[in-house]
Amino acid sequence: MLFKKLIALTLFLTPAPLFAQTEQDTVSRMVRVVDSTQTTLDTLSPTPLSEIVRQTSPSQSEFQLTKSPTGAVLRSLAFPGWGQWYVGDKWKTPVFAAAWGSIVYLIVQNHVNYSDRNDQYQAARAIGTPNTELLRRQREVFRDNRDRAAFVLAGVYIISAVDAYVGAHLYDFNVDDDLSFGFNHSSTGAVMLNYSIRF
């Protein structure tokens, strides 16, 4: 039994040096071939990778957006509604502009009222009048209203910028009436869904 194991181990380990010698000979032959063609390889000029990619890739025209999404966002951040005007949604411009103007008015008005109540509160506290607590509460209400309006104004800016960004991306999509849906009544009075596709 031990003899069989020794024979199997010898057979298993014997091919390894033979293969190693053959691999080494192959590598040395490859090195000699490369050395003999080295002058030929040196005379060739290398081709840039971009040229290889351009030659191997199928020729297809790259889609270019008509309206810049970044330009639309920057316009909306400069003045809400301007980005909508830029992408062709002109009916949205007065909506965003009116929202912006109304909220700015509320911020300014609440800040003026807050400043007035703060001055009255400081004077009443110095004198010690009984309506000091009422003035303090009114001052806090105007301050809170001003801060809430500022958060709403930030929301108007964000919504305007996102809407302009999406509008710039969707500007080039075809939205004609080739595909239309509608509801009709049949002669029996049932409601039917009609659709049409024009080619």
Side-chain angles (χ1 to χ4, degrees), residues 50 57 60-186 189-199:
S50 60
S57 64
Q60 52 182 329
S61 59
E62 187 176 327
F63 176 73
Q64 294 289 331
L65 290 172
T66 305
K67 300 291 184 178
S68 167
T70 305
V73 168
L74 293 177
R75 284 175 173 86
S76 286
L77 292 176
F79 182 74
W82 187 16
Q84 284 70 25
W85 186 275
Y86 170 70
V87 298
D89 294 333
K90 296 182 178 176
W91 67 272
K92 293 180 183 178
T93 299
V95 173
F96 282 108
W100 179 82
S102 301
I103 295 169
V104 167
Y105 172 77
L106 288 175
I107 290 173
V108 171
Q109 188 64 34
N110 280 302
H111 183 71
V112 168
N113 290 337
Y114 167 76
S115 297
D116 290 344
R117 289 300 186 275
N118 188 40
D119 293 341
Q120 292 173 6
Y121 169 71
Q122 297 298 337
R125 197 172 79 167
I127 298 171
T129 58
N131 64 349
T132 306
E133 184 62 25
L134 176 65
L135 291 172
R136 186 185 65 79
R137 287 182 192 162
Q138 289 175 347
R139 180 189 70 166
E140 289 177 359
V141 166
F142 288 126
R143 183 197 61 206
D144 292 344
N145 288 341
R146 179 197 63 191
D147 295 345
R148 285 189 195 106
F151 281 115
V152 173
L153 182 65
V156 167
Y157 270 102
I158 291 170
I159 291 171
S160 174
V162 169
D163 182 66
Y165 181 80
V166 171
H169 275 288
L170 297 179
Y171 183 80
D172 295 309
F173 281 95
N174 187 3
V175 289
D176 57 6
D177 293 332
D178 288 346
L179 175 66
S180 62
F181 289 92
F183 292 99
N184 274 340
H185 295 286
S186 67
V191 177
M192 298 185 313
L193 173 67
N194 293 335
Y195 65 92
S196 64
I197 301 174
R198 298 184 192 128
F199 296 101

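- Residues that satisfy the side chain to side chain donor-acceptor pair (under 3.5 Å) test with K92, not counting sequence neighbours, are D163.
- The minimum heavy-atom distance linking A72 with V87 is given by the pair CB-CG1, 4.0 Å.
- Heavy-atom minimum distance, P69 versus H169: CG-NE2, 3.5 Å.
- Nearest heavy atom pair, residue S68 against residue G71, reads OG-N, 3.1 Å.
- Sorted by first and then second residue, the salt bridge (Lys or Arg N to Asp or Glu O under 4.0 Å) pairs involving residues 139-151 (not counting sequence neighbours) are R136-E140.
- Every residue two or more places apart in sequence or in another chain that forms a side chain to side chain donor-acceptor pair (under 3.5 Å) with S160 is listed here: S76, Q84.
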(request) Test I159 against F96 for side chain to side chain contact (heavy atoms under 4.5 Å, CB included), laying out the working first. (result) CA-CA 9 Å; I159 291 171; F96 282 108; 3.9 Å; yes
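- Every side-chain contact (heavy atoms from CB on, under 4.5 Å) that W100 has, sequence neighbours left out, goes to F79, P80, V104, L153, Y157.
- For R117, the side chain to side chain donor-acceptor pair (under 3.5 Å) partners at least two apart in sequence or on another chain are Q138.
- Applying the ring pair (Phe, Tyr, Trp, His ring centres under 6.0 Å) rule to Y121 yields no partners; only residues at least two apart in sequence or on another chain are considered.
- Every residue was checked against the side chain to side chain donor-acceptor pair (under 3.5 Å) condition with R125, not counting sequence neighbours, and none meets it.
- Judged by distance alone, the side chain of Y86 and the main-chain N or O of A168 form no donor-acceptor pair under 3.5 Å.
- A search for side-chain contact (heavy atoms from CB on, under 4.5 Å) contacts involving N131 returns A124, T129, L135, not counting sequence neighbours.
- Residues passing the side-chain contact (heavy atoms from CB on, under 4.5 Å) test with R137 are E133, sequence neighbours excluded.
- Every residue meeting the side-chain contact (heavy atoms from CB on, under 4.5 Å) condition with S115, not counting sequence neighbours, appears here in chain and number order: H111.
- Nearest heavy-atom pair across A149 and I103 is O-CG2, 3.1 Å.
- The two residues V73 and A161 have their closest heavy-atom pair at CG2-O, 3.7 Å.
- To the nearest 0.5 Å, atoms CD1 (I107) and OH (Y105) are separated by 13.0 Å.
- Atom CG of L74 and atom CH2 of W82 lie 9.5 Å apart (nearest 0.5 Å).
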